Amino acid sequence: MDAGTAGAGAPLPAVIAIDGPTASGKGTIAQRVAERLGWHYLDSGALYRLAALRALRAGLPLDVPDAAVLAALAGGMAPVFEGGRIRMDGDDVTDAIRAEAVGDAASRIAGLPAVRAALVDLQRRARRAPGLVADGRDMGTVIFPDAALKVFLTASAESRAERRYKQLIEKGFSANIADLLRDLRARDARDSSRAEAPLKPAEGALVLDSTHLSVDETTQVVLDAYGRLRQG
Ligand code: DC
């Protein structure tokens, strides 16, 4: 079956893929674009964070990871996304998965091909009419290679560290900019240099640097790019 058609030949719902490094604002932008279009939204990073949280709670070692065990744990998840909250294993884990330690663990397990493979179906099942805006690292390169529009959203490491700092403080976590900047650079290096689905712009992606753009401006650039595509 072609990646762009359903079994009976009907076209699959359109996808806008927004990839980029940690704290580039892709979650915020993807949600805004989805709201403006009335489309569904997939936060693929949340799936890696959920798998990481499950692994941490199970006390599994991540420095010497057992890929098969972690993949089974990731593939067996049944998270429920509802009203902006995420529930898993009977718990509201919306805030827990945003902790830095969980993000770091997510970046580690995301380097394991078996874990990535275990999460493919869960991500592709999010593609529902009238359309999907998906954010992550490999939405345009691996998960939805037929996406109508691919965006690679970036911003300077300093401004990303500052944004992450504000997010964490707002959520009641303690944070330190210098530590965040160091961790963010380490995570960028890990996400970009891994052999499996490394973070890089998809071919034909619109590379968008949001360092000096507001959320509204960045959202509009993406919507305009999609509008131009539709006009052909
Ligand atoms: O976007 P985020 O910070 O919530 O993602 C957490 C980690 O998950 C990130 O460091 C890399 C990984 N990830 C990935 O490898 N592929 C994705 N599509 C999304 C996230």
Side-chain angles (χ1 to χ4, degrees), residues 15-31 41-56 62 65 67 70-71 73-75 77 79 81 84 86 88 93-127 132-145 147 150-155 157 160-161 163-168 171 173 175 180-202 205 210:
V15 174
I16 295 179
I18 304 186
D19 290 306
T22 194
S24 58
K26 52 190 191 317
T28 307
I29 302 304
Q31 282 182 70
Y41 165 61
L42 169 69
D43 172 3
S44 65
L47 299 179
Y48 287 89
R49 287 173 179 267
L50 287 164
L53 182 67
R54 262 192 145 191
L56 291 172
L62 298 183
L70 288 165
L73 191 132
M77 297 191 301
F81 294 80
I86 310 173
M88 183 175 68
V93 293
T94 319
D95 298 325
I97 61 163
R98 298 295 154 199
E100 280 302 285
V102 177
D104 190 67
S107 169
R108 286 174 196 279
I109 65 166
L112 302 169
V115 169
R116 303 199 72 82
L119 291 177
V120 169
D121 274 359
L122 208 51
Q123 295 172 84
R124 292 199 176 138
R125 266 188 267 137
R127 185 176 196 165
L132 176 72
V133 184
D135 92 62
R137 303 294 188 291
D138 62 344
M139 297 298 96
T141 50
V142 177
I143 304 296
F144 304 111
K150 300 176 184 184
V151 178
F152 191 81
L153 187 65
T154 179
R160 289 187 286 127
R163 289 175 191 175
R164 176 56 52 86
Y165 177 80
K166 284 189 191 148
Q167 273 174 1
L168 288 169
K171 289 194 162 72
F173 291 110
L180 284 173
L181 187 57
R182 194 197 53 228
D183 291 353
L184 186 141
R185 287 196 164 121
R187 205 177 304 169
D188 279 356
R190 204 184 300 136
D191 292 347
S192 310
S193 65
R194 67 181 177 220
E196 186 83 6
L199 171 67
K200 60 164 193 221
S210 70

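Counting starts at 1 for both ligands and their atoms, following the listed order. If you read the sequence from its start, that first residue is 1, and numbering goes on from there. Everything quoted here is computed from the prediction, not taken from an experiment.
Near Gly45, the atoms of ligand 1 lying under 4.0 angstrom from a non-hydrogen atom of the residue are 4 (O), 5 (O), 19 (C), 20 (C). Set against the non-hydrogen atoms of Met139, the atoms of ligand 1 under 4.0 Å away are 18 (N). Set against the non-hydrogen atoms of Gly136, the atoms of ligand 1 under 4.0 Å away are 18 (N), 19 (C). Residue Arg187 has at least one heavy-atom neighbour below 4.0 Å for each of these atoms of ligand 1: 10 (O). Short contacts between ligand 1 and Lys26, defined as distances under 4.0 Å to a heavy atom of the residue, involve ligand atoms 1 (O). Counting atoms of ligand 1 from 1 in the listed order, those under 4.0 Å from a heavy atom of Asp191 are 9 (C), 10 (O), 11 (C). Within ligand 1, the atoms closer than 4.0 Å to a non-hydrogen atom of Thr22 are 3 (O), numbered from 1 in the order shown.
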Exercise. Passes side-chain hydrogen bond (donor to acceptor under 3.5 Å, both in side chains), Arg187 versus Ser107? Steps please.
Worked result: CA-CA 7 Å; Arg187 205 177 304 169; Ser107 169; 4.9 Å; no
Exercise. Under the salt bridge (Lys or Arg N to Asp or Glu O under 4.0 Å) criterion, do Arg164 and Asp183 qualify, and how do the steps go?
Worked result: CA-CA 11 Å; Arg164 176 56 52 86; Asp183 291 353; over 6 Å; no
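From the protein, the heavy atom lying nearest to atom 15 (O) of ligand 1 is Arg116 NH1, 2.8 Å. Nearest to atom 8 (O) of ligand 1 among the protein's heavy atoms is Tyr48 CB, 3.4 Å. Atom 12 (C) of ligand 1 has as its closest protein heavy atom Ala110 CB, 3.7 Å. Here the protein heavy atom with the shortest distance to atom 1 (O) of ligand 1 is Arg137 NH1, 2.8 Å. Summary of contacts: the protein heavy atom closest to atom 6 (C) of ligand 1 is Arg49 NE, 3.8 Å. The nearest heavy-atom contact from the protein to atom 7 (C) of ligand 1 is Ala106 CB, 3.7 Å.
A distance of 12.5 Å separates CG in Leu70 from CZ in Arg108, rounded to the nearest 0.5 Å. Rounding to the nearest 0.5 Å places CZ of Phe173 at 9.0 Å from CD of Glu100. With values rounded to the nearest 0.5 angstrom, Lys26 atom NZ is found 10.0 Å from Thr154 atom OG1.
The pair Arg98-Asp43 meets the salt-bridge criterion, with a side-chain N (NZ, NE, NH1 or NH2) lying under 4.0 Å from an Asp/Glu carboxylate O. Note on Asp191 versus Arg137: salt bridge recorded, some NZ/NE/NH1/NH2 to OD/OE distance being below 4.0 Å. In this structure, Asp138 pairs ionically with Arg116, as a charged nitrogen and a carboxylate oxygen lie closer than 4.0 Å.
Side-chain contact between Tyr41 and Leu132: absent, with no pair of heavy atoms (C-beta onward) separated by less than 4.5 Å.
Within the 3.5 Å criterion, the main-chain N or O of Gly140 finds a donor-acceptor partner in the side chain of Lys150.
At a 4.0 Å heavy-atom cut-off, ligand 1 does not touch Asp135 at all. Contact annotation for Arg190 and ligand 1: no heavy atom of the residue comes within less than 4.0 Å of the ligand. Heavy atoms of Arg194 found under 4.0 angstrom from ligand 1 belong exclusively to the side chain.
Of the polar atoms of Asp138, at least one N or O is found under 3.5 Å from an N or O of ligand 1, judged by distance alone.
When Asp104, Leu112, Leu56 are each tested for a side-chain contact (heavy atoms from CB on, under 4.5 Å) with Leu62, only one passes: Leu56.
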